[in-house]
S.K.: 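Quick one: this structure, given as structure tokens, is what I'll be asking you about.
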Amino acid sequence: MSHKGHSVNAIRDSIVNLPLSPTLKANQAGVAARASGTRVLQMGFGQSPFPVPPALARALADHAGHNAYDHVAGLAELGESALRYFSDRNGVDSSQFDVVVGPGSKLILYALQMAISGDLIVPVPSWVSYAPQAAMLGDQVVSVPASLTPAGYQLEPDSLLSAIHSARSRGCNPTKLILNSPNNPTGLCIPPADYPALVDVCTREGIFIISDEIYSLVTFDGNLESIASLHPAGSAVTTGLSKYLSLGGWRVGFGLIPKGYAGLFDAVTAIASETWSGVSAPVQRAALLAVAGEPDIEAHVDLCTRIHGAVARNVAARLAEAGIHCLEPQGAFYLWPDFEPMRERFAQRGITTSESLSEALLADCGVLSLPGTAFGAPPEVLALRLSVCDYDGAAALEMCSDHNDLASLVEGFAPRVDEAAKAIVAFAQE
Ligand SMILES: Cc1ncc(COP(=O)(O)O)c(C=O)c1O
């Protein structure tokens, strides 16, 4: 029997209008433009550019023969080492957490959102995937504006409280809050001095904290304490190898799941068992070395982080000198310049939103950026997210390895970033 002419379309409502994640879309746009011969200065997709440390590459090759499934929650030895490694650095009490190893922290964030019923609270701006993940689960998203100040990325406890109350009065049921520090898109950290008041609101209102600490080892002024250290029963931490070791493609993430939240570890593990089943066995064994505290790897991580800091601070200072609002970054590899001071002049050029700004920057000077709207900012806010990692990481490591003052080397090892910064300044001053 023929079914010609009869088409079935039953894509579910929560997915049908879901666009491709803006960061991945920016990557594809950059790759396509470059492939067609256009010179693109890639400040859209953010990917740490450093090579795989040779010892880790060898470990991966050595373990290629492991072809069996591992435990759903991950190789026990890897989970224990990761817990020790991250808790030594972020100050959480390791005895209060179990660990899940996942294929990147993104899926662990999704599993946590799936496991805990209710609606999601996110500060604005926030990373691109939290809200779509909530939407995929049919949950509502409650936004709370963050203040961006020289002290950092600040969420006022009163704003949080009133957002929770007004969401409830609209019939929403906020139960979980995702915080991200160091923060993508702003490059700022939540000041640890702000934690107690935030924890206080969350405890009183029954809000679970998911602390996304994927950039915790890319912090420019020493390790950052986790908010979960103050509230271990009411917080989970997500982290992984993608950023501090430039191993995004290895897909290794860790979830520190509080023992004090009954049933949560079992729920996340059950979700894992029905979806990703386990992380690649050779990769998990190689990852053991990444969280072993081995001195050569630690020195590599330290140098990569110093290079990220030098580049991000260099670009931020140059934009700020040109009159663009751009705070000194504290971690990660992103900047969040706000072109508000140029609003009137930009309006004469037809630029009135972050999207038109991002498009004009690409058309006029080949700089690929992401509009603030991708991170939840209102359209008229003239903010962009710039990632500052379009350089040859291997060459940068070589040039910087024997230097303490890296600021003066940035132009030499990151010529495309330098060119992009000059182009943005010229564009803003036009
Ligand atoms: C803020 C933030 N959280 C989580 C992730 C997910 O990283 P992964 O899944 O590679 O661990 C990213 C990656 O871009 C990110 O920027």
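Counting starts at 1 for both ligands and their atoms, in listed order. If you're wondering where the values come from, they're calculated on a predicted model, not measured in any experiment. This chain uses plain numbering: 1 for the first residue, then up along the sequence.
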S.K.: Answer yes when Arg84 and Asp88 have at least one side-chain N-carboxylate O distance shorter than 4.0 Å, and no when they do not.
M.R.: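 No, this pair does not count.
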S.K.: Are side-chain heavy atoms of Pro49 and His308 found at a separation under 4.5 Å?
M.R.: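 Yes. Closest side-chain heavy atoms under 4.5 Å.
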S.K.: Do Arg89's NZ or CZ and the ring of Tyr85 fall within the cation-pi criteria of under 6.0 Å and 45°?
M.R.: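 Flagged: Arg89 positioned over aromatic ring of Tyr85.
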S.K.: Got a sec, which residues hit side-chain hydrogen bond (donor to acceptor under 3.5 Å, both in side chains) with Arg285, two or more places apart in sequence or on another chain?
M.R.: His66, Asp70
S.K.: Look at Lys176 together with Asp119 and state whether they make a salt bridge at an N to O cut-off of under 4.0 Å.
M.R.: no
S.K.: Residues around ligand 1, heavy atom under 4.0 Å from any ligand atom, sorted by chain and number. Can you pull those?
M.R.: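 Under the 4.0 Å cut-off, ligand 1 touches Gly104, Ser105, Lys106, Trp127, Tyr130, Asn180, Asn184, Asp212, Ile214, Tyr215, Ser242, Lys243, Arg251.
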S.K.: Run the salt-bridge test on Lys259 and Asp266 with the 4.0 Å N-O cut-off and return the result as yes or no.
M.R.: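 No salt bridge links Lys259 with Asp266.
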